[in-house]
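Beneath this line is the structure, given in structure tokens, with notes to follow.
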Amino acid sequence: QVQLVESGGGLVQPGGSLRLSCAASGSIFSINSMGWYRQAPGKQRELVAVITSGGRTNYADSVKGRFTISRDNAKNTLYLQMNSLKPEDTAVYYCNAEIQTYYSRAYDYWGQGTQVTVSS
């Protein structure tokens, strides 16, 4: 069994910063790519940023230069540093990871989501 648990969301004023974390636990053999997605009310879930096991990153145009994705492979933890936050960044943020366990091939796993609200 694999679990992804996000933390770090909350309410922040425009221009502020937040750092999201996502800890993976369970019978993990390896973790391939990891990423952050978000879903605003009435909108489809969208990719925010992804990072490969080797550290290559890719960002949505809307967050380039403001958000930084990183991972600690020793801790099986993913991070998203969000700076210069805007009201349009308000959404539920989800962690995603492609994980191979000791008992099965690699599957996509999702966290439960953490709310980020940017408002004055």
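The structure presented is a predicted model; accordingly, all values stated were derived computationally and were not measured.
K75 meets the salt bridge (Lys or Arg N to Asp or Glu O under 4.0 Å) test with no other residue; sequence neighbours excluded. Under the side chain to side chain contact (heavy atoms under 4.5 Å, CB included) criterion, I28 pairs with V2, A24, I31, N76, I99, not counting sequence neighbours.
The local environment of CD in Q1 is sparse, with at most 12 non-hydrogen atoms from other residues, nucleotides or ligands closer than 6.0 Å. Residue Q112 qualifies as enclosed at atom CD: its count of foreign heavy atoms under 6.0 Å is above 12.
Paired with V12 under the rule side chain to side chain contact (heavy atoms under 4.5 Å, CB included), one option of T90, D89, V118 passes, and it is V118.
Nearest heavy atom pair, residue L78 against residue G35, reads CD2-O, 3.6 Å. When all heavy atoms are compared, the tightest approach of G113 to E6 is N-OE1, 2.7 Å. Looking at every heavy atom in both residues, T57 comes nearest to I69 through CG2-CG2, 3.6 Å.
A single hydrophobic cluster is seen to contain both L18 and V48, as judged by linkage of ILVMFWY side chains at heavy-atom distances under 4.5 Å, directly or through other members. M82 and Y37 fall into different hydrophobic clusters, where Ile, Leu, Val, Met, Phe, Trp and Tyr side chains are chained together by heavy-atom contacts under 4.5 Å. Follow the hydrophobic side-chain contacts under 4.5 Å out from M34 and you reach V116 in the same cluster. No single ILVMFWY cluster, assembled from side-chain heavy atoms under 4.5 Å apart, contains both Y94 and L4. A continuous path of ILVMFWY side-chain contacts below 4.5 Å connects L85 to L80, so both sit in one hydrophobic cluster.
In this structure, the side chains of C95 and W36 come closer than 4.5 Å at one or more pairs of heavy atoms. Residues N96 and W110 meet the side-chain proximity criterion, which asks for heavy atoms closer than 4.5 Å.
Sorted by first and then second residue, the pairs that involve residues 78-87 and meet side-chain hydrogen bond (donor to acceptor under 3.5 Å, both in side chains), not counting sequence neighbours, are S17-N83, Q81-N83. The list of salt bridge (charged side-chain N to carboxylate O under 4.0 Å, His left out) pairs with a residue in residues 8-22, not counting sequence neighbours, is empty. Residue pairs meeting the side-chain hydrogen bond (donor to acceptor under 3.5 Å, both in side chains) criterion with at least one member in residues 22-34, sequence neighbours excluded, are N32-E98.
There is a side-chain donor-acceptor pair under 3.5 Å between N73 and R71.
Note: F67 and Y93 have tilted aromatic rings, judged against thresholds of 30 and 60 degrees for the angle between ring planes.
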Acceptor/donor pairs from residues 40-47 side chains to any protein atom, 3.5 angstrom cut, sequence neighbours excluded:
unit_1: E46; atom_1: OE2; unit_2: R38; atom_2: NE; d: 2.7
unit_1: E46; atom_1: OE2; unit_2: R38; atom_2: NH2; d: 3.3

